[in-house]
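Notes follow the structure.
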Protein chains: 2
Amino acid sequence: MKDGELDRVDRHILYYLQQDARGTSSSEIAEKLDLSASTVRTRINKLEERGVIRGYHLDIDYDLAGYPLYTKIICTAPIPERDELANEARQIRGVTAVREIMTGERNVYVNTIGRDHDDLNRISEDLDALGLEIVDEQIIRDEYVCPYHGFLDEDGIDGEE
Amino acid sequence: MKDGELDRVDRHILYYLQQDARGTSSSEIAEKLDLSASTVRTRINKLEERGVIRGYHLDIDYDLAGYPLYTKIICTAPIPERDELANEARQIRGVTAVREIMTGERNVYVNTIGRDHDDLNRISEDLDALGLEIVDEQIIRDEYVCPYHGFLDEDGIDGEE
DNA sequence: GATGAAACACTACCGGT
DNA sequence: ACCGGTAGTGTTTCATC
């Protein structure tokens with residue numbers, strides 16, 4: 001129950017769920033670990049409660065879904081307001097991700113989708129209206145999310161429970 | 001079956017799965033749409049086959065998971081090799097996402113996690129060894145993935161509750 | 001914590017409309 | 001394209017160790 005400590009079982013669960021978060025059942029994971037399905041299930045619940053698992057997201061090909069314009073808008077926010085502005089940016093329609101950067105001028109990254117330039121202009125205007133200064137805008141060609149393989153074979157360090 | 005066309009049912013399915021890709025069942029979605037569960041199920045399968053749904057990802061709080069260093073490494077790749085280099089970068093341990101940008105000097109973004117600076121140095125070296133020139137490196141403070149609400153109320157879709 | 005059992009819910013697969 | 005039935009599988013809950 002220690003705060004940030006994940007044991008071997010937890011890490012394996014994260015590893016397998018990373019591959020296919022919807023299609024991988026507790027029983028499947030249990031089989032690989034030689035555990036019972038209910039044990040894996042309660043572990044998953046605990047990982048959710050502790051906040052280690054924040055959610056299960058859909059990976060959509062927005063291009064195929066009818067939104068060919070995928071862009072990254074780079075903004076500057078005053079540090080005291082950065083957190084609040086980033087949060088408000090999430091509510092804007094067409095915003096698919098927001099990243100806050102610790103330091104520097106380019107400290108808020110906003111990913112957006114749109115069908116046409118009107119969509120993008122509207123989003124830019126909305127960001128600007130919030131008080132986010134837009135410093136750059138780039139077209140994203142492709143994006144890949146990668147599983148972290150270290151969850152599986154990092155077992156040099158462990159031994160705790 | 002048209003290529004990029006999603007109808008009202010498809011968009012609703014995407015919308016609900018965006019909220020909780022693992023916990024939302026076909027039957028739940030079917031209920032909201034007044035359809036049978038099997039209809040929703042075959043729709044989901046088709047969306048997967050067509051590639052609109054690319055996968056189901058786990059959203060991990062890497063800080064809680066024991067990886068307090070979350071960074072964004074910005075690289076330059078020669079356009080002819082950009083695609084291949086971006087692909088190879090995905091294989092490096094600690095890389096959680098890769099984004100290819102269409103134009104400009106800052107045309108490959110790599111998100112990474114690490115436990116300490118040694119991890120980060122190793123990743124930087126690996127990227128460099130591939131042939132990616134590192135132009136900037138920033139610490140990510142926080143990241144949020146946002147559902148696209150337009151799937152629900154795009155064009156005069158009916159009532160909801 | 002981990003486990004097994006029973007009730008319940010979801011999925012895959014079938015044919016039918 | 002949508003629906004319903006069924007068999008198999010996953011999940012929830014509870015009692016036990």
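What you see is a predicted model; the values in this text were computed from it and never measured. The basis for the numbers below is simple: all heavy atoms, side chains too, and nothing from hydrogens, waters or symmetry mates. A note on names: the letters A, B, ... follow the listed sequences, proteins ahead of strands, and every chain is numbered from 1.
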Check: Ring centres of B:Tyr15 and B:Tyr148 under 6.0 Å apart?
Finding: no

Next item on the list: Would you kindly give the CG-to-C1' distance between A:Asn45 and D:dG10, to the nearest whole Å?
Entry: 13 Å

Check: A:Arg8 CZ to C:dA2 P: how many Å, rounded?
Finding: 12 Å

Next item on the list: Measure the shortest side-chain to side-chain distance between A:Asp116 and A:Asp119 over non-hydrogen atoms and say whether it is less than 4.5 angstrom.
Entry: yes

Notebook entry, point to check: Out of curiosity, A:Leu6 CG to A:Lys46 NZ, how far, rounded to the nearest 0.5 Å?
Noted result: 13.5 Å

Checklist line | Cationic tip of A:Lys72 above A:Tyr109 ring, under 6.0 Å, 45° of axis | finding: no

Margin query: Tell me whether the side-chain N/O atoms of A:Thr39 come closer than 4.0 Å to OP1 or OP2 in C:dG1.
Written below: no

Can you tell me which nucleotide in [options] comes closest to the side chain of [X]?
| X | options | result |
| --- | --- | --- |
| A:Arg43 | D:dA1, C:dG1, C:dT3 | C:dG1 |
| A:Arg41 | C:dA2, D:dT12, D:dG4 | D:dT12 |
| B:Leu35 | C:dA2, D:dA1, D:dC3 | D:dC3 |

Just list the side-chain donor-acceptor pairs under 3.5 Å for residues 78-87 of chain B, sequence neighbours left out, or say none.
unit_1	atom_1	unit_2	atom_2	d
B:Arg82	NE	B:Glu100	OE1	3.4
B:Arg82	NH1	B:Ile101	O	2.8
B:Arg82	NH1	B:Met102	O	2.9
B:Asp83	OD1	A:Arg141	NH1	2.8
B:Asn87	OD1	B:Arg90	NH1	3.2

Check: By a strict heavy-atom criterion of less than 4.0 Å, which residues belonging to residues 14-34 of chain A are in contact with DNA chain D?
Finding: A:Ser25, A:Ser26, A:Ser27

Checklist line | Base of C:dG4 paired with side chain of A:Ser36 (donor-acceptor, under 3.5 Å) | finding: no

Margin query: Looking at B:Glu133 and B:Asp128, would you say the former's side chain and the latter's main chain have a donor-acceptor pair under 3.5 Å?
Written below: no

